[in-house]
Amino acid sequence: ADDVTLQLKWVTQAQFAGYYVALDKGFYEEEDLNVTIKPGGPDIAPTQVLAGGGADVTVDWMPAALAAREKGLPMVNIAQPFKSSGMMLTCRKDAGVTSVEDFPGKTLGVWFFGNEFPFLSWMSQLGLSTDGGEGGVTVLKQGFNVDPLLQNQAACVSTMTYNEYWQVIDAGLTPEDLQVFKYEDQGVATLEDGLYVLEENLNDPTFEDKMVRFVRASMKGWKYAEENPDEAADIVLENDASGAQTEKHQQRMMREVAKLTAGSNGALDEADYDRTVKSLLSGGSDPVISKEPEGAWTHVITDKALN
Amino acid sequence: MTELKDAGNLAKHSEVRGGAVISAKDLDLTFQTNDGPVHALKGVSLDIEKGDFVSFIGPSGCGKTTFLRCMADLEQPTGGSITVNGVSAADARAARAYGYVFQAAGLYPWRTIGGNISLPLEIMGYTKEDQRARVARVLELVELAGFEKKFPWQLSGGMQQRASIARALAFDADILLMDEPFGALDEIVRDHLNEQLLKLWARTEKTIAFVTHSIPEAVYLSTKIVVMSPRPGRITDVIDSPLPKDRPLDIRETPEFLGVAHRVREGLRAGHDDA
Amino acid sequence: MTELKDAGNLAKHSEVRGGAVISAKDLDLTFQTNDGPVHALKGVSLDIEKGDFVSFIGPSGCGKTTFLRCMADLEQPTGGSITVNGVSAADARAARAYGYVFQAAGLYPWRTIGGNISLPLEIMGYTKEDQRARVARVLELVELAGFEKKFPWQLSGGMQQRASIARALAFDADILLMDEPFGALDEIVRDHLNEQLLKLWARTEKTIAFVTHSIPEAVYLSTKIVVMSPRPGRITDVIDSPLPKDRPLDIRETPEFLGVAHRVREGLRAGHDDA
Amino acid sequence: MSAVVTTKRPAWMGWALVALAFAMAAAVDLRLVLVLAIWVGGWIVNGLIAQRSAWNWGGYVIPLIFGITLLAMWEVGERMFEISDVLLPAPSEIAARFWLSRDILWVDFVQTVLKGALSGFVLGCGSAFVLAVVIDRFPFLQLGLLPVGNFVAALPIVGMAPILVMWFGFDWQSKAAVVVVMVFFPMLVNTVQGLQSTDAMQRDLMRTYASSYWQTLLKLRLPAAMPFIFNGLKIASTLALIGAIVAEFFGSPIRGMGFRISTSVGQLALDLVWAEIVVAAIAGSAFYGGIALLERVVTFWHPSQRGRT
Amino acid sequence: MRSVVPVLTVISAIMALWYIAAVPMNAPWAYDKAKRAGVELSLNDLVADTWSQEKPKLPAPHQVGIEIWETTVQKNITSKRSLIYHSWITLSATLLGFGLGTVLGIMLAVGIVYNRVMDMSVMPWVIASQTIPILALAPMIIVVLNAIGISGLLPKAIISMYLSFFPVVVGMVKGLRSPEVMQLDQMHTWHASPSQTFWKLRLPASMPYLFTSLKVAMAASLVGAIVGELPTGAIAGLGARLLAGSYYGQTIQIWSALIMAAALAAVMVALIGLIQRIVLKRMGMAI
Ligand SMILES: Nc1ncnc2c1ncn2[C@@H]1O[C@H](COP(=O)(O)OP(=O)(O)OP(=O)(O)O)[C@@H](O)[C@H]1O
Ligand SMILES: Nc1ncnc2c1ncn2[C@@H]1O[C@H](COP(=O)(O)OP(=O)(O)OP(=O)(O)O)[C@@H](O)[C@H]1O
Ligand SMILES: Cc1ncc(C[n+]2csc(CCO)c2C)c(N)n1
Ligand SMILES: [Mg+2]
Ligand SMILES: [Mg+2]
């Protein structure tokens, strides 16, 4: 069997259910692959791991991948299981935020470490400065959780539809207390969890073949997970070495994630790609990427895998 | 309690009014240690009159230091009583009745020699000028003038010892308790300091209790020599010196001197054989 | 270089074949310190014959220790030359020609008394049985039999000092360098050890260099007394003792003894007045 | 220092070892030989300087040459082995970034070092000092508080950081709080130990003067405690900086060294990350050095300081 | 033994303060909830609520106690939900890092004491190395080591080593230099070789210093292991528990992991203390 190492973007959770299902259900084995899944964490940059050769393929968000590409690390998207974005800004109504116009002067919690790019381009499209200037917003680097919102330290925090939002709800706030701004609705959505490899590796036919089989099995896993969310959540839980995840939360997350993967067969939709690039380029004075990337994606793998 | 004790002290005070500056009655002191109790002093009684120069001599561990520390209220006797200047040792200490010279110099390394000597003066609230004057005077006395600004580690052991003597002389206590003050000095310097100490004593009429290991030193200095012996620590002999108050160094070759020295040596040897 | 030096030593060796075990010629030693150079030894010349018992006496800081350290190759003279057993001090040290007793006992606290005494034996590669036998013998000699398994802190200061002497005696060096070995002891114990040391010396015919502050001790022990004086450290007097080799303790009251003691004292005083 | 052990190993043995190392390096990779050569070169230069110990500036020059040697090895190794910049940038690139990003580095320095670390350091050490004096006065507290204190001191503060960020907000106050927690116990334990470090005779001397508690404290115990207090301050100085930076990983405004480091890693701007690390090392060493200097002035009398000139 | 009563007193005082502090700390959330639910809170309700919240700002001691009980005693130790399992993961990295750090520290100290060039060149850099924020380096160390195929225990242990070698160097340099000049001179008079001087004098003399630094090193090593577990993601170990707890706002879980870590450190330090007592006693250096 061929060895493949997959680096996740974050800790083991239903966000990555497809891969765990494929592993658990033997889909990888069927493709004669021996897959190792490395969970990520708050300080693991998948891009860096890829550069260091610690993984063959990573799950990452497109803005981070494109930014890395501009830095000289040629990452290529070979598949895009997530069709739509799950990112949103969740605000407390009692903090006085009900619409985008209320942002100026407010404190907003944002994830950094390569996850800040969609937020930054949204703000620059809104014409709001983020460096604490007049009429702009105050940005705080939010930690691993939604505390700043619960503690009233921030008016809004970043959440994912499938994860942090539910932590806010679990903490006791109701959907009525909250005002959410989905990036999709604001027209600033960028592509999230895609599979990326190093460009030079793709020149190697055996590597390409491995990836074809990997993507095929992974997508099979995703589709299985969409159909059997509770079983998928259980599989994820079994693979969680920290023992900290709860069944309720993972089952819910699986259902939400299924909504995001639903529209994708694994192949990258060029229109989505163009939208993402446009959004990232439109960053005003300080865009995330400065020029149209080239060769940042390929259909070669998905074409072979899905036919 | 306090009143009662004070009354008792007053009573004693009148008892000893005759002149005993330090008066120990049946003093007992037992240290509790891991290996069981150590009987450091047993039934020690002694009266020291005003103006006496009393030497304590005895083998290592016989309780000389312990006895001195009882006088200074640094150790609490487990039996018997001791009065200093007619009051309890604790009250005498609070009244700053004595100066104490420890076996080691024990200067504070972060203070200059001058600073070390003025330390007790600061504590007792002497004025700045008075401090300066006294420091200068006692430095003169122990022949350390000019070393005021030096730090202790810049002086030889003997000079440190002299500074610590100066420190005890700087304030006006008329009792001086000295625990082997000249132990670390060579014979010549020691002779010299012995002479100085005798002069000082004659001039100021202080009462001095002095611990030493050297028989000639004890005989040369004292009006009274107390020989002690160990396990348990007790007084085996008290010798009143027949020597005149005025003592040139060569008195040490006179027969009287050698006679006293011989008696002390015999007393010591007896104590050693006991133990 | 090495050969040349060795040749020189051989030459000296034949010169001193007459019997000088230690021979210093015009020794000079200057320490470089922060406050400028300290002239610790200046033009020191001395021959010590086989079987001599030489005492060094002099005021504090006159260079006694320094001189002894030169003999032991612990200090490098800045001028002059010194030979030990006819070879350089360094070679003599490498040949383990001497035992050295330091001023303080300096026992290793993590070794028992026995372990401390066998330490040099281990280092010199004696066999285990030999070590055991020698430790037992020297412990006997300093009257510490039965204390082999005790740790240093379980012994009184005097006993520790004796253990350190035993350590220097444990291996077969026929030179013994002793730096105030009895400084910390009381008079009675000191007398006793003096006697013992004399007996040992008489029996083994070792050559002994001995530093002391005590005039009676120097006179009582030595065949030769070297009086030194400071700044710069030099030899001011060398006195050959007229006392017989066999010396009971009460020889100290004889006129010969007092005569020698007087001469030593005068020499010392002269040195002090100089400085 | 008089007791430096002089090993009289013949010189050729050292050279044989060096030759062997070169041979082994050459066998693995020729490029290693050059890296090794730099190392040996630096070592020889230092050896020569160390021998002329009369040059008293050797104390500064030798560590400098040692550091330059390390940097040269890094630079040359980086270039020859073509290590990716997103893994490890070369010193020259870090230096360039340092110069270009002076303003960012300064803002971060103010936020993390001046606001977070320094205020926490002063607050933590100050309160630990006061508590130590109080504890010292009441032996009961000493017996009870110190073991518990040791237990609390064993808490891995990385774990405390998220909690304190939650309690004190995301700005520098929470960083200062983390620093306070970090430096508190080392300082407390050292001060208490220092206050007890007087020997019996020194205390007895004060008793013979019938000196009051405060007089004894001011004139004896505090001066005697100084070497220990400075020991505590030195430990605290390295902890303070680490604490302030670590706390920023758990939430912060968008400035600060910890923020910059984590964000820049995410952006693969490793040169900026290393520039921040350089700032941290310089600030930390300067902080430590400043305290060591002060120690030398205050505890000039202590044997460990006296020997040096 | 005589400190049992004072320690218990202090602990009870801390507990009492802790309970009291929990009320105001958690009150805002209680009021917030009440306001949104539209009910009034009596003092009793308030106290009851603040001591039983699911994600309190400051959990009450019994909440932490129960969590620890449930995740240690009531779980199979091979379960991923058992704190003992996670403690063991962390401990193994801690011990490996501690061992490596001790060896490195002693070797550096010996070099510094015996080699003049090292003495003059290494120390400032050792100090500077400790001013580098390890948490910043940790992810990079792990990525770089991963890149060359090292993963699992070793990267964490290397971070532990980085933190723990420092106290050992400092302590051992002091310790190896602690013999007095006279003791070294003695060795000299016996013409002892450098290695004899090392084994028979410098090393034994340094023992008290060694043990003191080992205790500090052990605590530092544990911190290193935990720091090493943070960036590797919530895989396993106490650090992962801390992270996961933090990620999900599970303060009770954070506190229980914290207390476990402190207990682990305390036990290891006590163990070193025990060894110290035995060794020093056999060396006659402790009574
Ligand atoms: N604090 C203490 N605890 C226990 N035992 C003590 C203490 N102080 C002194 N001793 C013991 O009491 C006895 C008398 O000691 P002390 O110091 O008075 O002797 P000394 O006559 O001054 O001896 P030296 O001439 O050696 O100074 C000794 O056996 C000593 O071991
Ligand atoms: N290592 C050193 N560095 C600088 N000066 C030194 C050193 N060792 C000794 N001296 C100085 O050399 C002189 C002679 O010292 P030495 O120790 O030989 O005197 P000593 O005769 O043994 O005195 P004591 O009777 O006090 O032991 C003194 O002035 C001393 O200060
Ligand atoms: C320090 C920190 N950085 C980034 C994220 C955000 N993040 C990275 S992957 C992912 C997927 C969803 O869970 C999310 C939200 C975070 N939470 N904490
Ligand atoms: Mg005494
Ligand atoms: Mg000497």
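Residue numbers start from 1 in every chain, and the chains themselves are labelled A, B, ... in the order their sequence lines are given, proteins ahead of strands.
Heavy atoms of D:V278 lying under 4.5 Å from chain E are absent altogether. Neither the backbone nor the side chain of E:A219 comes within contact range of chain D, judged by heavy atoms closer than 4.5 Å. For chain E, the nearby parts of D:F140 are the backbone and the side chain; heavy atoms of each come within less than 4.5 Å. D:L270 touches chain E through its side chain: at least one heavy atom from C-beta onward sits under 4.5 Å away, while N, CA, C and O do not. Neither the backbone nor the side chain of E:L238 has a heavy atom closer than 4.5 Å to any heavy atom of chain D. With a 4.5 angstrom heavy-atom cutoff, E:I254 touches chain D only via side-chain atoms. Heavy atoms closer than 4.5 Å to chain D are found in the side chain of E:V10, but not in its backbone.
For the options D:W274, D:F287, D:W167, heavy-atom pairs under 4.5 Å to chain E are most numerous at D:W167. Residue with the most contacts toward chain D among E:M218, E:M118, E:H188: E:M118 (heavy-atom pairs, distance under 4.5 Å). With respect to chain E, the highest number of heavy-atom pairs below 4.5 Å among D:I235, D:V279, D:L145, D:L241 belongs to D:L145. The greatest number of non-hydrogen atom pairs below 4.5 Å with chain E, out of D:I282, D:T238, D:V246, is found for D:V246.
Closest heavy-atom contact between E:L258 and D:I163: CD1-CD1, 3.7 Å. Nearest heavy atom pair, residue E:W125 against residue D:G67, reads CZ2-CA, 3.2 Å. Nearest approach of E:A128 to D:A281, heavy atoms of both residues: O-CB, 4.4 Å.
Atom CG of E:L242 is separated from atom CE of D:M160 by 11.0 Å, given to the nearest 0.5 angstrom.
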